[in-house]
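As structure tokens, the structure follows; a few thoughts come after it.
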Amino acid sequence: MIDAFAKLDRQVQKWVYKQGWTNLREIQSKAIPPILACDRDLVISASTAEGKTEAFFLPGCSAVVGRKQAVSILYISPLKSLINDQYRRLRELCDMLDMQVTPWHGDVSQSKKKHFKRNPQGILLITPESLESLLIREAGWIKPSFSQLKYVCVDEFHAFIGTERGQQLLSLLNRLEHLLNRLKDPIPRIALSATLGELDKVPLSLRPNGSLPCKTITSSKFRNPIKVQVKGFVEPAEVLEDDSNNPAEHQICREIYQRCRGDSHLVFAVSRERTESIAVSLADFCEQNGVPNEFFPHHGSLAKNLREDLEARLQIETIPTTAVCTMTLELGIDIGKVNSVVQVTAPHSVSSLRQRMGRSGRRNSPAVLQMLIAEKQINKSSNINDHLRLELVQSLAIVRLMIVRKWFEPPDVRQLHLSTFVHQILAVIAQWGSIRTDQLYVLLCDQGPFKKISVGHYKQLLTHMGKEKLLQQFNSGELVLGIEGERVVNHYTFYSVFHTPIDYRVVTENKTLGSLPAQNVILKEQHIVFGGKRWKVTEIDDVRRVVNVVSAKGGNPPKFNGSGISVHDAVRMEMYRIYSAGDYRIEVSSRKIDFADDQARHLFQEAAEFFHRADLKNQLIVQIGTNCYLFTWMGDKIINTLTVLLKQQGFVASSFGGVVEIQDAAKDEVKKCLTDLANCELPTETELARELKNKRVDKYDRFIPEFLLNEGYGRKAFDSLAAKDWIRTRLCH
DNA sequence: GACCTGCTGCGGGGTG
């Protein structure tokens with residue numbers, strides 16, 4: 001450890017002393033030799049607040065100190081706010097090293113950018129979108145300015161893996177190496193990441209062409225103990241018309257109020273709508289009790305300054321503050337640690353729950369999680385899903401997977417990312433002016449990250465893009481942008497690969513509170529909840545897309561849009577094990593720890609009894625009245641596949657919470673149908689996708705021909721092989 | 001029955 005420290009630059013060592021650090025953290029010491037060697041990629045995987053940033057920058061800066069001719073380190077972050085944070089943290093170190101550090105994103109002033117362009121050196125902190133714009137517009141400047149580039153560092157790498165934006169990033173890094181003639185002598189990539197599942201697969205996600213070896217560093221540090229409780233609530237069967245007084249949610253808010261007031265906590269409420277309704281109820285409790293409000297909402301549709309005010313307040317430990325939030329407070333921004341984390345309604349993945357837990361656990365105190373789950377009261381009209389209490393059992397399963405099995409979801413790496421492929425074709429042509437089709441394929445698919453795209457598909461896509469006037473091909477084989485291509489590329493929204501719907505701005509007295517999706521109807525005089533407060537809509541301007549509001553009483557939060565959720569196989573399999581055993585408790589050295597409260601335990605016992613009575617341990621198809629219910633206890637890809645297969649065969653099938661409902665069908669009929677299907681070739685995922693409408697979900701899907709779109713969509717939504725395997729191994733026996 | 005992220009160049013007006 002001490003040896004590693006000795007290898008750092010003297011000024012860097014001085015900076016470490018100045019921080020009052022007596023020694024480096026484990027991952028920081030471990031990272032020094034491989035970064036100084038500069039001959040391989042590196043994945044630094046550790047939980048928040050273990051000093052990952054310094055783990056890279058201490059040796060990284062040591063290796064490049066004194067170099068003035070060109071940029072030495074390129075740091076890429078998914079968030080502008082993180083770039084601003086890192087800039088503040090790096091400035092002192094870089095001042096001591098007489099090294100330039102420059103933040104570069106959409107909010108950085110033109111003057112700062114101009115200064116850097118005249119004087120490119122040191123460290124550049126940038127977003128993928130800004131790097132894209134530099135490659136397209138300033139490739140001639142990048143070539144000399146980055147000629148000495150020694151490291152590329154990607155922060156929050158887990159947020160990129162398997163996404164459209166991550167695919168763009170990989171393509172950008174490959175295009176950069178190509179531009180700098182560094183394909184044979186690649187620039188080492190350092191990925192900083194929260195703890196990941198399946199660490200052995202990360203190197204391929206960091207450099208798909210494998211042109212440089214990769215080392216992975218993790219921390220063996222003893223983690224804070226974890227305290228978890230699941231609390232149950234009962235939703236009365238007869239809910240009054242006025243759902244503003246939703247009884248279970250009211251009880252849940254009372255629980256949060258009593259638990260959280262006086263300290264700092266995060267309440268993850270899953271949807272923006274629920275975030276608003278809980279935040280405003282808690283503010284109401286404060287008002288009724290004559291105490292100052294300390295509960296505030298935080299989500300992506302809230303104005304930036306409101307969010308930043310709350311983030312700043314969370315950092316002040318002496319002021320009790322509870323943020324009711326969506327995943328906006330899951331990663332990235334430095335808000336310090338909170339006393340505990342509350343999760344309202346079941347989380348959908350183990351990995352996001354883990355991230356959330358990481359926000360709790362101040363100085364040697366345990367990380368505390370409370371899950372508040374409402375289930376419906378059972379009556380005559382209750383359906384099978386109500387009886388099974390799927391949400392409660394999903395919550396129990398996810399806690400067990402996190403604590404007992406220490407498992408979490410790997411990213412889906414089967415996807416084609418066709419929308420981003422179209423984007424990168426346009427971007428590369430815009431960058432070079434023109435390129436031969438074979439060169440373009442080598443750059444994006446052979447060397448770059450689009451390895452799953454065949455030459456045949458590539459050619460058909462180019463033909464289609466030609467028809468759409470995105471491209472034009474000369475007789476020489478050179479591709480240039482077509483009229484439509486020029487139009488798309490020259491618009492400033494081109495640089496991002498993710499889709500953003502049109503919004504209305506919500507304004508009061510010239511202050512912007514946030515935004516609302518345009519599709520959702522808001523009426524004049526309507527009372528709404530927004531930003532944790534109550535308002536009346538006074539005016540709607542459809543041209544400027546502005547909703548004006550004034551302070552008022554009453555009202556409900558507006559609807560925001562959301563698409564489907566996806567639950568992994570492992571979660572449903574764990575649910576099946578819990579039901580079958582009739583026991584969810586966690587075994588710790590021959591003792592069983594019950595992490596549910598009385599109400600949750602009671603709700604679970606009722607559900608387990610129902611499961612047992614219906615013999616769901618052995619029965620995979622159940623007949624209730626004229627309907628059938630199919631239980632696979634598998635993830636949503638298999639559920640989707642079976643649902644569409646049954647529909648194709650003429651059944652009326654739909655799924656909810658992982659259970660497939662088949663209307664007006666006999667159990668044996670359904671079983672025979674699926675068995676027969678599995679005895680021959682099942683339709684491919686592409687064939688299943690043909691059955692569906694509304695498949696254009698990603699930003700550039702509108703430029704993809706139907707047959708290719710089916711291929712891309714099929715891989716996202718279905719898994720024919722796994723579905724066939726399930727029928728043969730489970731249903732046929 | 002879900003969430004999040006980002007982007008330009010230019011012209012007009014105000015300030016020091």
Side-chain angles (χ1 to χ4, degrees), chain A residues 76-84 103-111 113-114 126-138 154-169 172 268-276 297-302 304 307 324-333 343-349 351-353 355-356 374 385 390-391 394 420 423 427 430 487-501 503 514-515 517 559-567 636 639-640 643 654-659 661 697-699:
Chain A
I76 299 168
S77 152
L79 302 171
K80 291 187 286 193
S81 57
L82 195 57
I83 287 177
N84 299 342
W104 185 299
H105 56 66
D107 298 346
V108 172
S109 69
Q110 287 295 327
S111 60
K113 289 176 178 169
K114 273 188 191 137
I126 200 167
T127 59
E129 288 75 16
S130 284
L131 182 58
E132 180 74 83
S133 108
L134 284 180
L135 273 176
I136 291 177
R137 314 170 63 85
E138 310 282 357
V154 183
D155 208 347
E156 302 278 6
F157 186 61
H158 56 280
F160 285 113
I161 299 178
T163 67
E164 295 301 320
R165 212 173 171 210
Q167 189 75 2
Q168 177 190 26
L169 173 62
L172 285 167
F268 287 94
V270 183
S271 76
R272 283 171 288 191
E273 185 184 354
R274 195 177 295 110
T275 297
E276 287 286 356
H298 191 286
H299 57 75
S301 296
L302 268 186
K304 201 175 154 194
R307 286 203 258 168
V324 188
C325 58
T326 59
M327 65 173 285
T328 43
L329 288 181
E330 200 175 288
L331 57 92
I333 319 145
Q343 166 81 35
V344 183
T345 75
H348 76 272
S349 75
S351 51
S352 81
L353 189 66
Q355 282 279 349
R356 290 169 186 192
N385 290 12
L390 290 168
E391 195 172 326
Q394 182 172 316
T420 303
H423 179 271
R487 201 185 61 76
V488 170
V489 169
N490 289 327
H491 197 266
Y492 76 95
T493 55
F494 175 68
Y495 306 109
S496 69
V497 294
F498 52 89
H499 192 60
T500 25
D503 281 342
S515 61
K559 297 252 179 275
F560 294 88
N561 293 317
S563 54
I565 52 166
S566 196
V567 174
D636 283 339
I639 302 285
N640 293 341
T643 308
S654 59
S655 71
F656 190 91
V659 182
E661 181 188 81
V697 284
D698 288 319
K699 191 174 176 189

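Everything numeric in this text was worked out from a predicted model, so none of it was measured. Chain A is the first sequence line, chain B the second, and so forth, proteins listed ahead of strands; every chain is numbered from 1.
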Discussion item. Students often get this wrong, so: under 4.0 angstrom with heavy atoms, is A/S655 touching a base, only sugar-phosphate, or nothing?
Written reply: base
Item to complete: Count the heavy atoms belonging to other residues, nucleotides or ligands that lie under 6.0 Å from NZ of A/K113, then report whether that count exceeds 12.
Response: yes
Discussion item. Under 4.0 Å, counting only non-hydrogen atoms across every strand here, what does A/R307 touch: a base, just sugar-phosphate, or nothing?
Written reply: sugar-phosphate
Worksheet item: Shortest non-hydrogen contact from A/K80 to A/G106?
Response: CD-N, 4.4 Å
Look for any protein N or O under 3.5 Å of an N or O in nucleotides 6-12 of chain B and output each such pair with its distance, or none.
from  : atom 1 : to     : atom 2 : distance (Å)
B/dG6 : OP1    : A/K80  : N      : 2.5
B/dG6 : O3'    : A/T127 : OG1    : 3.4
B/dG6 : N1     : A/T500 : OG1    : 3.4
B/dG6 : N2     : A/S496 : OG     : 2.8
B/dG6 : N3     : A/S496 : OG     : 3.3
B/dC7 : OP1    : A/G106 : N      : 3.1
B/dC7 : OP1    : A/T127 : OG1    : 2.7
B/dC7 : OP1    : A/S130 : OG     : 2.7
B/dC7 : OP2    : A/G106 : N      : 3.0
B/dC7 : O2     : A/Y492 : O      : 2.5
B/dC7 : O2     : A/T493 : N      : 3.2
B/dG9 : OP1    : A/R137 : NE     : 2.8
B/dG9 : OP1    : A/R137 : NH2    : 2.6

Worksheet entry | All side chain to side chain donor-acceptor pair (under 3.5 Å) counterparts of A/D636, not counting sequence neighbours | A/R572
Fill in: Non-hydrogen side-chain atoms of A/R165 and A/F498 separated by less than 4.5 Å
yes
Practice prompt. Output all residues satisfying side chain to side chain donor-acceptor pair (under 3.5 Å) with A/T345, sequence neighbours left out; order by chain, then residue number.
Written response: none
Worksheet item: Rounded to whole angstrom units, what separation is found between the NZ atom of A/K304 and the C1' atom of B/dC4?
Response: 15 Å
Discussion item. Please report the distance, rounded to the nearest Å, between CZ in A/R272 and C1' in B/dA2.
Written reply: 8 Å
Worksheet item: Any donor and acceptor pair, going by atom type alone, linking the side chain of A/K699 with main-chain N or O of A/T500 inside 3.5 Å?
Response: no
Fill in: Separation of B/dA2 P from A/L353 CG (nearest whole Å)
18 Å
Fill in: Interatomic distance, A/D155 CG vs B/dT5 P [rounded to whole Å]
16 Å
Item to complete: Look at all strands and tell whether A/F656 reaches a base, only sugar-phosphate, or nothing, counting heavy atoms closer than 4.0 Å.
Response: base
